[in-house]
Amino acid sequence: MTDFEYSGLWWLPSEESNQIAGNLTFSNHNGFQLKLIGAFDEVFDGTSKTIGSEDFSKSYPLILGITHTGKKVTLQDCRATGRQITMPGFESPTYSPHLAYFGIHASDLNALQFHKIDVGFNFLNDWVAESGFKVIITHNQNSEPEKYQLEYSFLDEIKVTAATCTFSIQRTLNTKGSILRGISTEEVQSIGIESLEPLSIEEWNAKYVAHLQNLLTLATFRSNSLIDVYAYKKNHTINLRNGRTQEIPVQIVFHTFEHESGPIKDLLPHEMLFSLKDVELNLGEILGNWFRMCITLKGVFDLFFILQHSPEMYLQNQFLNIVLAMEGYHRGAIDKNGKKLFENRELRSKKLIHNKVSLKTRILDLLKYIDQIVSKLVPDKELFAKRVARYRNQLAHQLTDQEPEISSSSELFWITQAMMYILRACFLKDIGIPESTCSQLFSRNQKYLFAVHQINSFFESK
């Protein structure tokens with residue numbers, strides 16, 4: 001989200017007459033900071049009283065404001081982080097809000113419920129892989145460029161229903177500038193989500209937005225970050241000249257973690273696992289299956305996607321994370337009828353002794369499950385499963401007196417990558433993409449093909 005700084009007037013919902021000047025700043029590195037020139041509740045007010053630490057650390061659920069540009073602002077969960085006092089009693093407290101809502105004043109938290117939101121991600125345009133722009137170059141008789149034309153056509157909206165919500169791929173055209181000094185034109189794509197019942201932004205994020213973020217991360221091989229969030233309330237509207245009403249968008253800003261640094265380059269189809277075009281015909285079914293999996297396999301997804309969002313993690317920790325994710329997937333994966341995908345061999349005997357399935361068996365089960373998709377990834381399945389299981393045991397139990405099953409960091413890296421591709425293949429099959437299509441998606445991906453070459457070279461040397 002874009003950094004900003006606003007000066008303005010700020011007050012508590014029940015005390016609008018007590019407005020205090022201050023500055024609100026935001027950066028994705030440091031988050032929010034609201035620094036007031038004065039205080040809502042003065043500690044040194046001239047009365048005789050005992051002053052404790054709680055007097056300097058008061059927090060507020062909501063603070064309202066109006067910026068110098070005329071924007072309404074509601075700040076939520078404003079935690080006190082400091083208080084500067086200049087004698088004889090001038091106070092300047094600092095707060096760190098959790099969320100900021102631009103375009104609305106809310107008197108209580110119940111007023112911050114929205115029936116629809118639009119969200120943008122930094123690699124969404126690449127995943128959609130379709131634009132309304134077209135460049136037309138006209139040449140003269142000498143084959144020299146004579147005229148350049150830039151056309152834009154508004155494409156049809158894509159809309160599906162899944163998990164009791166309506167999802168849509170939306171495109172808007174933003175222009176600024178002038179004919180004399182140049183015009184800047186940008187196509188912005190977002191995902192719209194509309195619910196039958198209003199939800200808080202925390203509920204929107206937990207139920208839908210975070211899961212969409214992970215789906216795009218899976219699809220693009222890139223860690224996706226939120227760049228825009230706009231929300232809508234049914235009673236928060238303006239009247240248009242034609243007699244109709246229009247919902248006023250409320251921009252929501254919060255601290256996100258930017259995983260991509262530097263300029264973002266365009267992603268080509270062969271760099272992604274799949275694009276919108278690959279799944280558009282069954283998008284509603286795929287989204288429904290994905291949201292179901294996000295609930296049943298929450299722990300697995302947490303382990304898997306932390307590797308996508310934190311590539312700087314120590315290699316041994318990456319290996320252990322993906323092993324835990326594979327074990328969790330083998331235990332918890334279910335089909336569309338709610339039945340276990342894999343045979344439940346974790347049965348108790350008459351003596352109530354747990355008969356656990358070995359890691360090697362779990363890996364072999366997964367390889368068999370997606371063999372048609374990534375058959376060339378692991379040339380010797382028995383050896384692969386054995387080496388992964390033995391190396392996991394060496395790391396987990398600190399067995400330093402044994403020869404390492406995996407001999408180099410390079411080999412460990414590619415074996416970890418192999419396990420990540422195995423889980424990716426499982427995810428794609430489970431969300432409803434046919435196995436033949438999954439195989440084609442992997443076969444065209446340059447990262448996967450390079451990984452196959454590297455992994456096979458290690459097994460050939462054994």
Side-chain angles (χ1 to χ4, degrees), residues 1-2 4 28 99-104 112-133 152-176 184-195 198-220 222-234 236-237 246-260 264 266-267 272 274-280 283-284 286-288 290-291:
M1 295 187 174
T2 307
F4 61 75
N28 262 309
L99 291 167
Y101 303 80
F102 287 90
I104 192 173
L112 297 173
Q113 302 267 331
F114 305 94
H115 74 99
K116 181 172 66 174
I117 64 169
D118 296 336
V119 291
F121 299 94
N122 52 346
F123 287 102
L124 179 60
N125 282 34
D126 302 88
W127 183 70
V128 173
E130 186 177 19
S131 173
F133 283 111
Y152 184 81
S153 302
F154 288 94
L155 303 175
D156 294 336
E157 184 181 65
I158 299 171
K159 183 176 289 189
V160 297
T161 300
T164 70
C165 284
T166 300
F167 296 82
S168 58
I169 308 295
Q170 304 171 157
R171 304 172 177 91
T172 57
L173 187 66
N174 295 336
T175 60
K176 59 182 178 180
S184 173
T185 305
E186 178 187 24
E187 182 183 54
V188 178
Q189 307 205 28
S190 62
I191 299 178
I193 318 171
E194 188 166 358
S195 171
L199 303 170
S200 68
I201 191 60
E202 292 87 353
E203 292 172 322
W204 276 114
N205 184 62
K207 290 185 176 182
Y208 304 108
V209 177
H211 303 328
L212 288 174
Q213 183 177 3
N214 283 339
L215 181 62
L216 287 173
T217 296
L218 175 70
T220 61
R222 296 294 189 279
S223 179
N224 276 257
S225 299
L226 272 172
I227 55 175
D228 288 306
V229 180
Y230 290 89
Y232 301 85
K233 291 174 65 70
K234 289 185 177 180
H236 188 56
T237 60
Q246 179 177 303
E247 293 178 334
I248 302 173
V250 175
Q251 184 183 13
I252 302 176
V253 181
F254 50 89
H255 189 195
T256 61
F257 295 95
E258 297 290 349
H259 305 292
E260 293 285 338
I264 297 176
D266 293 342
L267 284 179
M272 291 186 281
F274 65 91
S275 67
L276 174 62
K277 289 183 179 180
D278 297 315
V279 296
E280 184 176 347
L283 184 59
I286 287 170
L287 286 177
W290 180 256
F291 290 126

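Side chains are part of it too, since the values below use all heavy atoms of this structure and drop only hydrogens, waters and symmetry mates. Since the structure is predicted, the reported quantities are computational estimates derived from the model, not experimental observations.
At a threshold of 4.5 Å between non-hydrogen side-chain atoms, the residues I158 and L276 count as touching. Residues D126 and R222 fail the side-chain proximity criterion, which asks for heavy atoms closer than 4.5 Å. Using a 4.5 Å heavy-atom threshold, the side chains of L112 and I201 count as separate. Taking the side chain as every heavy atom from C-beta outward, V119 and W204 never approach each other to under 4.5 Å. Taking the side chain as every heavy atom from C-beta outward, V209 and F121 approach each other to under 4.5 Å.
The two atoms that bring A163 and Y208 nearest to each other are O-OH, 3.4 Å, heavy atoms only. Here the shortest heavy-atom pairing between T220 and L216 reads OG1-O, 2.7 Å. Residues A231 and I252 come closest through the heavy atom pair CB-CD1, 3.6 Å. Taking both residues in full, the closest heavy atoms of S223 and F123 are given as O-CE1, 4.1 Å, listed atom of the first, atom of the second, then distance. Considering every non-hydrogen atom in both G284 and A162, the closest pair reads O-CB, 3.5 Å. The minimum heavy-atom distance between G192 and D118, with the atom names listed, is CA-OD1, 3.4 Å.
The closest donor-acceptor contact from the side chain of N224 to the backbone of Q213 lies at 3.5 Å or more, if one exists at all. At distances below 3.5 Å, at least one donor-acceptor pair connects side-chain atoms of W127 with backbone N or O atoms of F274. Looking only at distances, no side-chain donor or acceptor of E130 sits under 3.5 Å from a matching main-chain atom of K277. Judged by distance alone, the side chain of H211 and the main-chain N or O of N205 form no donor-acceptor pair under 3.5 Å. Not a single donor-acceptor pair under 3.5 Å links the side chain of H115 to the backbone N or O of S195.
Between F4 and F102, the ring planes are perpendicular. Angles over 60° get that label, and only those under 30° would be called parallel. The aromatic rings of F167 and F291 sit parallel, their planes meeting at an angle under 30°, below the 60° perpendicular limit.
The salt bridge (charged side-chain N to carboxylate O under 4.0 Å, His left out) search around K207 returns none, not counting sequence neighbours. The side-chain hydrogen bond (donor to acceptor under 3.5 Å, both in side chains) search around S275 returns D278, not counting sequence neighbours.
Judged as a salt bridge (Lys or Arg N to Asp or Glu O under 4.0 Å), the pairs with a partner in residues 152-169 (not counting sequence neighbours) are, in order, E157-K159.
For the atom pair N214 CG and W290 CH2, the distance stands at 6.0 Å (nearest 0.5 Å). Here the straight-line distance linking atom CD1 of I227 with atom CG of N125 works out to 7.5 Å at 0.5 Å rounding. T172 contributes atom OG1, which lies 8.0 Å from atom CD of E187 (distance to the nearest 0.5 angstrom).
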key: Intermediate values then yes/no, side chain to side chain contact (heavy atoms under 4.5 Å, CB included), V160 and I286   = CA-CA 10 Å; V160 297; I286 287 170; over 6 Å; no
